[in-house]
Asker: 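Mind looking over this structure? Questions follow.
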Amino acid sequence: MAAAQRGRGFAREPKPGGDMAEVHAELTGVKRVYPGADGGSVHALGPVDLKLARGEFYSVVGPSGCGKSTLLDVLAGLSAPTEGSILFEGREVAGRVPPGIGVVFQEDASFPWLTVQDNIAFGLRRAGTDAAEVDRRVSYAIGFMGLKDFRKAYPAQLSGGMRQRVCIARTLVMQPRLILLDEPFGALDAQTRLLMGDELLKLWRETGATVMLITHALDEAAMLSDRIGVMSARPGRLIADIRTEWPRERDSRIAAEESFGAITSRLWGLLRDETVKAAGMSGSSR
Amino acid sequence: MAAAQRGRGFAREPKPGGDMAEVHAELTGVKRVYPGADGGSVHALGPVDLKLARGEFYSVVGPSGCGKSTLLDVLAGLSAPTEGSILFEGREVAGRVPPGIGVVFQEDASFPWLTVQDNIAFGLRRAGTDAAEVDRRVSYAIGFMGLKDFRKAYPAQLSGGMRQRVCIARTLVMQPRLILLDEPFGALDAQTRLLMGDELLKLWRETGATVMLITHALDEAAMLSDRIGVMSARPGRLIADIRTEWPRERDSRIAAEESFGAITSRLWGLLRDETVKAAGMSGSSR
Amino acid sequence: MKRATWIRTLVVIGFVLLLEGLCRWGVIGRMTMIPPSEMADQLWKLLQSGRYNGHIFETLGNVAVAFVSAVVGGFVIGSILHSLPRARRAIDPFLATYYAIPFFAFYPLLVVIFGLNAAPIILIGFLFGVVAMIINTMNGLDRIPRVLIKTARVNGLGPLRTAWLIKLPSAAPQLFTGIKLAIAYSFIGVIAAEFIMSTSGLGYSIAYAFNNFDNRTMYALMLFIITLVTIVNAFFHVWERRIMARRGQ
Amino acid sequence: MRQFFDSLVFAAVLVAIWQGLHWFAGDIAIASPGVTAERAMVLLGSPSFWGHFRETFSALGYALAIAVLGGMTIGLVLGLHRLSGEVAEPILVSLYSLPKITLYPLILLIFGLGMSAKVAFGAIHGIIPVAIFTMGAVKTIAPVYFKTARVLQLSRRQLVATVVIPAAIPELVSGLRVGFSLTLLGVLIGEMFASQRGLGFLVMNAIGTLDVPTMMAVVLLLALVAVMISAGLLYLDRRLHHRVA
Amino acid sequence: VEVTVTHWGVLMYGAPYAVAIEKGFYRDAGIDVTGVLTSKGGGTTMRNVMAAGMPYGEVSLAAVVAAINQGIDLKIVHTGVQTVGEILWVTMPDSPVRTAADLNGQKVAFTSPKSVTDMLLTMVTDKHGVSVDAVAAGGIGAGLTMVEQGAVVAAPVMDPVWARFQDRFRPVFMVQDELPQMTQTVGVTTAEFARSNPDTLRALIAARKRGVAFVYENPEETADIVAKHYEMDRDLALRAINNLIELSYWGSGEFNLEAMDNMIGGLRIIGEVEGTVDWNRFVDASFLD
Ligand SMILES: Nc1ncnc2c1ncn2[C@@H]1O[C@H](COP(=O)(O)OP(=O)(O)OP(=O)(O)O)[C@@H](O)[C@H]1O
Ligand SMILES: Nc1ncnc2c1ncn2[C@@H]1O[C@H](COP(=O)(O)OP(=O)(O)OP(=O)(O)O)[C@@H](O)[C@H]1O
Ligand SMILES: [Mg+2]
Ligand SMILES: [Mg+2]
């Protein structure tokens with residue numbers, strides 16, 4: 001089925017397997033300092049060194065406020081790093097979002113004044129894609145995301161989970177080669193996350209894109225990723241890098257496997273120390 | 001330490017161990033139907049039969065919108081059941097909140113116009129407790145909840161987790177014998193939940209109260225409870241009852257134990273079917 | 001909702017009947033108020049005779065011009081102030097006080113600047129309406145979720161297209177509130193200005209009728225304005241509901 | 001502090017525009033800032049001005065008291081009782097946008113002259129915005145507060161006094177800001193028509209005798225007082241909203 | 001109690017009342033007049049009279065007639081200002097316009113439609129057979145400003161405003177020189193009050209009469225009193241009072257039916273009155289002595 005849909009779905013070009021060693025995006029010594037209140041400054045991130053291989057599913061976990069969204073922002077070119085360099089497909093990312101990157105944000109970013117299908121078509125229309133092609137891709141995305149009955153609905157008529165699906169579809173129809181997702185299921189309950197995770201895996205396999213997923217839920221990270229980065233409390237640095245060694249064809253049923261328990265336990269352990277640190281300062285931030 | 005504080009802390013009377021078999025609250029054939037839009041009706045809950053033993057830590061998990069909050073509302077007397085009877089300490093609960101029940105809600109219910117200490121003292125003052133006693137209990141609660149440095153702060157100056165602590169303290173100073181918590185840590189990240197869970201266990205041991213905790217997070221339920229009820233998709237019914245057999249003296253470190261993995265796996269398994277069902281109708285609800 | 005509409009209709013009818021009764025039984029003297037039925041009757045006659053058409057059209061024209069310029073001007077000023085937070089904070093206390101200043105005192109000034117035509121009246125209507133629009137424009141722009149702007153950047157939109165495609169629709173609910181208030185205040189300003197200083201228009205006609213003890217005409221015109229305002233309000237109410245219902249608000 | 005300075009700069013800009021208008025339009029239309037200020041100082045030194053001032057502001061005080069107490073009561077009742085709120089809201093909004101000056105003859109016929117008419121006219125300007133804001137505030141109080149109150153066994157009176165009103169206060173202050181301005185406007189308009197005392201009367205008199213400096217001076221003083229009161233309310237407003245945000 | 005005087009604080013109708021209050025003439029007559037109600041004039045003042053605690057006041061004749069025409073039961077108990085002669089039209093000093101005849105084809109201001117100035121302008125232009133483009137300015141101030149700005153060539157003015165701007169404008173014509181005498185204001189009360197309180201009325205009228213006499217005898221002191229009550233510049237008040245004394249502006253109260261008919265004639269021209277007014281029904285001279 002996946003083979004039949006290639007070329008008319010989300011995938012830009014057939015991508016058999018992919019060379020896992022090819023570096024798709026690279027951060028070197030990236031630091032981000034925000035100007036704080038009262039003339040002070042907030043060191044939010046880094047220094048971070050990170051290489052994402054093409055076609056890899058990479059997750060980032062870390063305590064609240066540790067700089068995960070900041071990491072995503074600088075990687076996507078939405079804010080410039082204070083220090084360090086970011087390469088995407090070999091070219092420097094400097095404060096502009098390079099084509100080929102798609103972002104699903106932590107907050108609900110659906111446009112309340114557009115229907116589901118207009119939301120999904122938004123980026124394509126702005127890019128000047130011809131109408132027939134827009135229709136084709138949007139229909140496909142709507143079908144894939146299980147939004148068929150809601151194509152004419154407005155976001156307010158949808159549940160949080162369905163709105164998030166709209167945002168994912170809006171990103172995917174642009175056929176990005178690097179997909180950044182910032183806690184896309186943050187608003188959902190554990191059970192719905194499970195389903196959405198399976199869908200995300202399917203997508204990832206189909207498009208052959210590189211995925212970076214930011215999440216709070218340790219089991220989600222353990223279930224979905226090829227590799228998990230654990231971040232320290234603010235200023236966020238990558239303090240561990242865990243490979244799951246899951247097969248490419250997988251879904252949430254791996255939660256029943258023994259190695260899943262091992263991975264989560266390790267994550268819990270790593271995070272306990274960081275949590276205690278972060279909690280100590282939780283009163284001042286947020 | 002716990003022994004020394006008895007009588008001046010949250011506990012109404014020394015409660016050594018407690019007779020686990022004594023029924024504290026009992027729901028029989030409870031059903032709740034809401035009047036829906038356009039003259040229809042929404043069958044939100046039941047029929048549910050449930051017995052809570054005095055001093056027990058009971059958790060409820062279930063998919064979003066399955067009726068968990070509705071269960072809490074009818075048990076607390078905040079809304080009357082459409083059918084069935086509810087007994088608390090042997091007396092019928094009929095649409096009024098009986099004294100002795102404390103509730104921590106899913107939403108942030110701290111009063112933004114009161115300082116932390118006034119928030120916590122709120123219920124006591126309204127009940128006409130004398131000032132010295134109010135001071136004593138509030139000071140104790142503030143200490144216990146780690147809010148010492150924030151007694152004069154307003155909720156807006158606190159993080160979500162600390163605000164939730166304020167709400168818990170406000171409930172506990174009333175010395176309820178049955179504490180109902182509706183996803184009290186819903187807004188927090190996994191790491192902070194961990195800490196809060198440990199605090200909750202400490203409290204439960206100290207007060208000897210019966211606790212019913214509603215949560216989305218399966219690992220949280222597995223980690224904290226004596227017994228876990230699993231709810232079906234709406235209309236919520238209790239489809240499983242899992243005993244953890246944890247010792248009374250426990251904390252989050254039990255997550256490292258093997259039986260923890262077994263319990264979560266079982267919960268995941270039970271929920272997968274329910275989740276699929278719930279997702280099928282997720283478009284219509286919420 | 002249906003039920004509320006019914007009850008509201010009944011309440012209004014009941015109130016009118018009560019007034020009718022009070023006037024007819026002489027509890028309210030004829031010099032104070034005439035029965036609503038007579039007001040309506042007189043209004044009908046006035047409208048048929050066409051004697052007040054000139055005044056009516058003049059006032060409506062003035063309100064329309066004042067309203068449109070208040071909306072456009074308020075939007076532009078609001079957008080500019082929004083992008084200059086420092087200027088905005090400096091001006092805030094003045095905006096809040098604005099309605100306490102009797103603009104009518106400046107009518108001679110306005111006549112000098114604009115000449116003796118409708119412009120001074122329109123300007124007062126504009127001055128009344130524009131601030132509501134400014135405030136609500138700024139509110140609307142304040143409330144645009146940052147993530148939507150980020151989305152625009154990810155889609156490679158420039159500042160102009162971001163403003164047109166993202167900011168404007170996103171701020172629409174507050175802009176709408178501003179528009180509603182602007183029309184109300186334009187009405188209030190124009191009619192008050194006419195009432196106090198002008199030599200024509202509905203406001204003037206009411207003042208004139210008052211001066212000449214012509215209670216029937218006065219109340220007929222008052223009824224006309226009340227009805228007109230209610231209709232305009234209802235129109236905006238329905239329109240707003242339509243737009244907001246889509247967004248589920 | 002910086003904001004205060006900025007506001008002063010803005011005020012200076014206004015004065016510059018004023019001076020420009022004066023040069024353009026001549027002194028029968030608009031007195032220069034200098035002359036106005038001079039006249040204002042004279043007024044401030046004259047006891048009769050303070051009589052007018054007291055008159056206006058005591059009328060404003062009564063009107064505001066009626067508007068606030070009445071508006072809050074109406075708003076509370078309508079906000080707490082959903083059906084009556086739904087019934088009343090469009091009516092209130094219609095009344096809000098009604099040019100109330102058209103009701104002036106009616107007020108005069110009912111209340112006669114002097115203080116009571118002024119107060120009534122001020123109050124009808126102010127009461128509706130206060131009621132609308134209060135109702136809005138009460139309606140948007142999070143339902144969880146009402147649940148909390150029930151769990152804590154509050155009586156109906158305790159509920160209103162210790163939960164509903166405090167929760168609604170930030171919005172109430174916003175309503176009060178609008179209500180204050182409109183009430184003052186109402187009182188002034190009332191004084192402009194039929195009165196022998198008050199600042200509105202002074203303005204109208206000055207217009208009548210074409211005493212432009214006095215007219216401008218009174219308006220200036222009025223504006224200054226209004227700005228000060230309003231800035232106070234704004235400060236309160238910001239603080240209260242800040243606490244909630 | 002309070003009496004009502006139209007344009008109190010603005011125009012000079014009120015000077016005798018100010019004197020009567022200040023010099024204690026009311027007190028001597030046994031009435032405690034504490035203040036004066038006023039308003040912008042016209043029907044508003046008439047309504048004020050009826051709404052006031054004591055329904056008595058001096059109001060423009062035009063407003064009284066309007067009220068009478070609406071069927072209100074009023075009694076005119078004395079006359080006030082017996083002339084509209086103090087009104088004049090002015091232009092810029094360097095203007096070529098010198099007489100009423102020169103206004104032909106020009107833009108000329110009056111205050112508001114169907115006001116006294118509207119009426120007078122119509123009567124004067126009719127008299128000279130000239131046609132002007134009459135413009136409603138909305139007020140005295142607006143009219144003068146328009147003259148300064150060149151929007152109209154002439155605008156109406158009267159004391160004390162005229163006293164303030166005497167040096168800046170030049171008269172084109174004075175109504176006094178152009179038109180016959182017309183009664184401007186009258187003392188009015190409700191028929192009910194006239195019936196029940198004849199003595200009060202008599203006392204009120206007598207006190208005013210003393211006030212009028214005082215004004216003519218002591219312009220200087222009157223200026224002091226008016227300046228105080230009107231909160232007006234003293235020199236300005238004196239100049240205005242002297243101007244008006246020359247015109248015999250304030251009448252002692254006696255009726256001059258011809259002057260009243262002249263006013264009615266004017267009102268008829270501008271369509272404010274139809275037919276004649278039967279003074280017998282409304283005038284009650286019995287309180288004058
Ligand atoms: N625009 C900004 N200006 C100043 N400080 C900022 C800004 N954005 C973020 N911060 C601060 O930087 C730190 C990291 O923020 P960030 O949003 O990256 O954290 P996060 O890991 O995504 O948190 P969460 O898990 O809650 O989403 C926080 O302390 C935050 O307060
Ligand atoms: N007052 C109400 N009127 C009508 N329907 C309601 C009402 N309250 C809840 N419902 C419906 O009843 C169902 C159960 O709601 P409830 O809030 O109990 O679910 P829940 O399990 O607590 O969900 P969540 O996990 O999202 O908190 C939902 O479908 C909801 O839409
Ligand atoms: Mg984040
Ligand atoms: Mg719930």
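Letters go in sequence order (proteins before strands), and every chain restarts at 1.
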Asker: C:Ala90 and D:Ser7: which non-hydrogen atoms are nearest, and at how many Å?
Answerer: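 Reported closest heavy-atom pair: O-OG, 2.8 Å.
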Asker: Counting heavy atoms not belonging to D:Tyr62, are there more than 12 under 6.0 Å from its OH?
Answerer: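 Atom OH in D:Tyr62 is not packed in, count stays at 12 or less.
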Asker: Would a 4.5 Å heavy-atom cut-off, applied to side chains only, mark C:Trp6 and D:Val87 as touching?
Answerer: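 When only atoms from C-beta onward are counted, D:Val87 and C:Trp6 do not touch, as no gap falls below 4.5 Å.
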Asker: With rounding to the nearest 0.5 Å, note down the distance linking NE2 in D:His125 to CD1 in C:Ile188.
Answerer: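 Atom-to-atom, D:His125:NE2 and C:Ile188:CD1 are 7.0 Å apart.
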Asker: Need one label for C:Leu181: side chain, backbone, both or neither, based on atoms under 4.5 Å from any heavy atom in chain D.
Answerer: side chain
Asker: Is the shortest side-chain heavy-atom distance between C:Arg89 and D:Asp6 below 4.5 Å?
Answerer: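 No; the side chains remain at least 4.5 Å from each other.
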Asker: To the closest 0.5 Å, what do you measure between CZ (C:Phe195) and CD1 (D:Ile189)?
Answerer: 9.5 Å
Asker: With C:Asn233 as reference, evaluate D:Val93, D:Leu95, D:Ile91 under the side-chain contact (heavy atoms from CB on, under 4.5 Å) test and give the passing residue.
Answerer: D:Val93
Asker: In terms of heavy-atom proximity below 4.5 Å to chain D, should C:Ile226 be classed as side chain, backbone, both, or neither?
Answerer: both
Asker: In terms of heavy-atom proximity below 4.5 Å to chain D, should C:Val190 be classed as side chain, backbone, both, or neither?
Answerer: neither
Asker: Could you check whether any side-chain N or O of C:Arg8 sits under 3.5 Å from a backbone N or O of D:Glu86, counting only pairs where one atom can act as donor and the other as acceptor?
Answerer: yes
Asker: To the closest 0.5 Å, what do you measure between CZ (C:Arg86) and CZ (D:Phe5)?
Answerer: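 If we round to the nearest 0.5 Å, C:Arg86:CZ and D:Phe5:CZ are 7.5 Å apart.
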Asker: Can you name the closest pair of heavy atoms from D:Ser94 and C:Val229 and give their distance?
Answerer: O-CG1, 4.0 Å
